[in-house]
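The block underneath contains the structure these notes are about, expressed in structure tokens.
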Amino acid sequence: MKAEATESAGARHDWQARGFEASRRVPGAADLRLQGRHGHSFRVEVCHPLQGESSGGLGDLLSNVVERLDYQDLDLLFSQRHDGEIWHWIEKQLDLAPGSHGCLASGPRQGVVRDTAGRLHGWMRDRFESAHFLPNVPAGHKCGRLHGHGFEAVLFFPWEEGQVMQLKTQWARLHAQLHGQCLNELRGLDIPTSEILASWIWSRLQAQGQVLTQVTVYETASSGSSFDGTRYRIWKEQSFDSALRSPEGGLWGHTYRLRLGLSAPLDEMMGWTQDFGEVKRLFDPLYRELDHQPLHDKVPAGTTLALLDWIVARTRPLLPALDRLDLYDTPGSGKVWTLPIHGPLR
Ligand SMILES: Nc1nc2c(c(=O)[nH]1)N=C([C@H](O)[C@H](O)COP(=O)(O)OP(=O)(O)OP(=O)(O)O)CN2
């Protein structure tokens with residue numbers, strides 16, 4: 001598949017996700033449990049640059065590739081059977097173009113991700129339940145009150161089979177410090193935003209000799225931050241329910257999921273780049289035009305790509321720090337607009 005060159009104006013991508021069920025044994029795995037036969041619900045996500053107005057074709061291709069793995073014994077198809085080898089096989093079948101990125105999850109807690117430069121990162125994900133408050137927010141801001149979250153941390157590292165075991169051991173020590181605590185009482189977390197948490201986790205794991213490529217913190221199911229050692233990114237997600245006329249002419253509708261991604265320098269006083277609440281407030285006038293509305297007057301072409309273009313053109317002036325906008329029309333398909341972004345991107 002050939003790709004459209006990435007420009008500073010941004011590039012549009014087809015995004016597709018599929019799942020498959022398969023069993024494997026991973027000989028020589030550092031986690032001894034993986035050496036015995038076991039099964040996974042795998043999930044593959046791929047984001048591929050679009051050419052012009054074509055809506056892609058990635059979905060059918062990915063379905064065909066995944067079908068070859070579904071309900072299979074991976075021992076018969078792969079020599080090493082770890083996530084990195086399976087991902088490399090998938091990307092070879094898809095013939096991914098430069099600028100593509102994607103992910104293989106061997107369950108909800110770990111996997112590999114390919115970034116836009118073609119580098120492979122491993123990742124692991126874990127949850128901690130903690131209280132916090134943000135001390136410097138304006139009076140009346142809800143996050144100034146003591147409250148709590150089921151936070152999730154995703155740790156990315158240069159992919160190497162077995163590396164995740166070492167990371168899990170180091171992470172367990174940090175998890176013990178974070179879980180069941182009030183974060184404001186921990187040294188270095190007196191302003192415990194998700195940005196500061198991401199950089200706190202990054203620096204503590206680095207101090208233990210762990211090489212990381214990104215730390216992502218989910219503060220809630222719809223918002224969070226990532227830190228790659230230099231830059232901060234945040235996102236805020238919302239869903240909206242709309243009707244439109246399909247390219248074939250009939251009326252239909254979707255529950256769309258929309259993710260606004262932004263990058264900005266850290267405001268040291270607030271501990272954040274831009275308040276999630278402010279992102280939502282600035283986007284709200286547009287949200288009202290989208291939610292529980294017919295969209296065919298706005299988007300006569302009736303495609304998700306045309307709707308993405310419509311939303312991006314109106315969101316960029318409202319949110320100048322916007323560097324990515326994901327628009328999913330179903331849980332397994334969507335379109336993405338993005339400026340060039342380095343790193344794992346999840
Ligand atoms: N850039 C940041 N902004 C905010 C942070 C943060 O860590 N970084 N934290 C908060 C609050 O702690 C808050 O609990 C989470 O914010 P928000 O996403 O607005 O919360 P909700 O999920 O409750 O928002 P909805 O209105 O339901 O979408 C605030 N900002």
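Atoms within each ligand, like the ligands themselves, are counted from 1 in listed order. Values below: all heavy atoms of this structure, side chains included; hydrogens, waters and symmetry mates excluded.
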Notebook entry, point to check: Between Thr193 (side chain) and Gly271 (backbone), is there a donor-acceptor pair under 3.5 Å?
Noted result: yes
Margin query: Quick check with a 6.0 Å cut-off and a 45 degree axis cone: is Arg24 positioned over the face of Phe42's six-membered ring?
Written below: no
Checklist line | Linked hydrophobic residues, Trp272 as query - side chain contacts closer than 4.5 Å | finding: Leu134, Val137, Met269, Met270
Notebook entry, point to check: Under the ring pair (Phe, Tyr, Trp, His ring centres under 6.0 Å) test, which residues partner His82, sequence neighbours left out?
Noted result: Trp159
Notebook entry, point to check: Taking everything shown except Glu67 itself, do over 12 heavy atoms lie less than 6.0 Å from its CD?
Noted result: no
Notebook entry, point to check: Using a 4.0 angstrom limit on heavy atoms, which residues are close to ligand 1?
Noted result: His132, Leu134, Lys142, Cys143, His147, His149, Thr193, Ser194, Glu195, Glu219, Thr220, Ser222, Ser223, Lys236, Trp272, Gln274, Asp275, Phe276, Gly277, Lys280
Checklist line | Residue pairs involving residues 292-328 (criterion ring pair (Phe, Tyr, Trp, His ring centres under 6.0 Å); sequence neighbours excluded) | finding: Trp15-Tyr328
